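The structure presented is a predicted model; accordingly, all values stated were derived computationally and were not measured.
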Amino acid sequence: MAGGDEVKLLGNWASPYVARVRLALHLKGVPYEYVEEDLADKSELLLRSNPVHKAVPVLIHGGKPVCESRVIVQYIDEAFASAGAGPPLLHANPRERAAARFWAVFVDDELLAPWGMVMRSGTDEERAEWTRRTVAAVETLEGALGERSEEDGEGFFGGDRVGYVDILLGGMVPWVRVTERLSGHNFFDASTAPLLAAWMERFGELDAARAVFQDVDRLVEYAGTIQARAHG
């Protein structure tokens, strides 16, 4: 890749939001430099590149930063759409793209936000409420995947291939295992969410997922420190 088009990703190894950007880059076949950020001592490059939220991930392409994982994944799809790049992540049909963006917001706001609070809850009552909200979101998403499967006969939100919503949700797959290890609760359990459970297994077999997914044991240790601080 020419110097003016160099791609750099500022991230943190444990972040599911960084994982989704790495998944998109791998699926599109985009070479990039990964820069690990210490979130307790953020680099000047990160602070300069994302002055509003001062958070990862940040994609730097041709010296210009792009922030927020949902936006970055869409940017990758559009900026690297030339011949030789991987297949499109968003559908060519405007209605399909709109539906994908709707479910992308749902995944972040209704599923991942309460899921994250399950780990950070300070009391059993709080944890139970956040768990209830997470389970409700999983049920809704299970229904959405069921409708997609009926339409296309495939097991991905993107239809016959991995798409935008799959990538956004896919970044969380290792954390499904972490949650189960720490709490005994698998939100994508085959008995309650069989379609999502099967989807998770298929997604985990992708070459991109194998290249990107974090080590679950290391994540469990990391999550344990988060819980310890919450109960501190």
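- Asn12 contributes a side-chain N or O that, together with a main-chain N or O of Glu37, makes up a donor-acceptor pair within less than 3.5 Å.
- Taking the side chain as every heavy atom from C-beta outward, Tyr17 and Asp108 approach each other to under 4.5 Å.
- At distances below 3.5 Å, not a single donor-acceptor pair connects side-chain atoms of Arg20 with backbone N or O atoms of Gly171.
- Looking at Arg133 and Glu126, no side-chain N of the basic residue comes within less than 4.0 Å of a carboxylate O on the acidic one, giving no salt bridge.
- For an aromatic pair to be called close, the ring centres must be under 6.0 Å apart, and Trp115 with Phe187 satisfies this.
- Of all heavy-atom pairs spanning Val138 and Ala193, the tightest one is CG1-CB, 4.0 Å.
- Between the Lys54 side chain and the Leu47 main chain, no donor and acceptor come within less than 3.5 Å of each other.
- Not one N or O on the side chain of Arg161 forms a donor-acceptor pair closer than 3.5 Å with the backbone of Pro87.
- Contact between Leu168 and Ala104 at its shortest, heavy atoms only, is CD1-CB, 3.2 Å.
- Note that Arg148 lies outside the cation-pi zone of Trp103, set by a 6.0 Å cut-off to the ring centre and a 45° limit from the axis.
- At distances below 3.5 Å, at least one donor-acceptor pair connects side-chain atoms of Arg97 with backbone N or O atoms of Ala92.
- Of the inter-residue distances, the one linking Glu110 atom CD with Thr134 atom OG1 reads 10.0 Å to the nearest 0.5 angstrom.
- The minimum heavy-atom distance linking Leu46 with Ala55 is given by the pair CD1-O, 3.5 Å.
- A salt bridge does not link Arg202 to Glu205: none of the charged nitrogens lies less than 4.0 Å from a carboxylate oxygen.
- Using a 4.5 Å heavy-atom threshold, the side chains of Leu10 and Asn50 count as separate.
- Looking at His185 and Val135, their side chains come closer than 4.5 Å, going by heavy atoms from C-beta outward.
- Connection of Tyr164 to Phe102 is established within a shared hydrophobic cluster, with ILVMFWY side chains joined at heavy-atom distances below 4.5 Å, either directly or through further cluster members.
- In terms of modelled atom types and a separation under 3.5 Å, the side chain of Tyr75 and the main chain of Cys67 share no donor-acceptor contact.
- Expressed to the nearest 0.5 Å, how far CD of Glu147 lies from CG of Leu145 amounts to 10.0 Å.
- Distance CD1/Ile167 to CZ/Phe156: 10.5 Å, rounded to 0.5 Å.
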Exercise for the section: Take Arg22 and Tyr32 through the side chain to side chain donor-acceptor pair (under 3.5 Å) test and state the conclusion after the steps. Expected result: CA-CA 9 Å; Arg22 298 189 70 188; Tyr32 66 99; 2.9 Å; yes

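- Looking at every heavy atom in both residues, Gly170 comes nearest to Leu23 through C-CD1, 3.9 Å.
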Exercise for the section: Give the C-alpha distance, both sets of side-chain angles, the deciding distance and a yes or no for side-chain contact (heavy atoms from CB on, under 4.5 Å) between Val176 and Asn186. Expected result: CA-CA 6 Å; Val176 177; Asn186 181 354; 3.1 Å; yes

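- Residues Phe157 and Leu169 meet the side-chain proximity criterion, which asks for heavy atoms closer than 4.5 Å.
- Residues Val18 and Ser69 fail the side-chain proximity criterion, which asks for heavy atoms closer than 4.5 Å.
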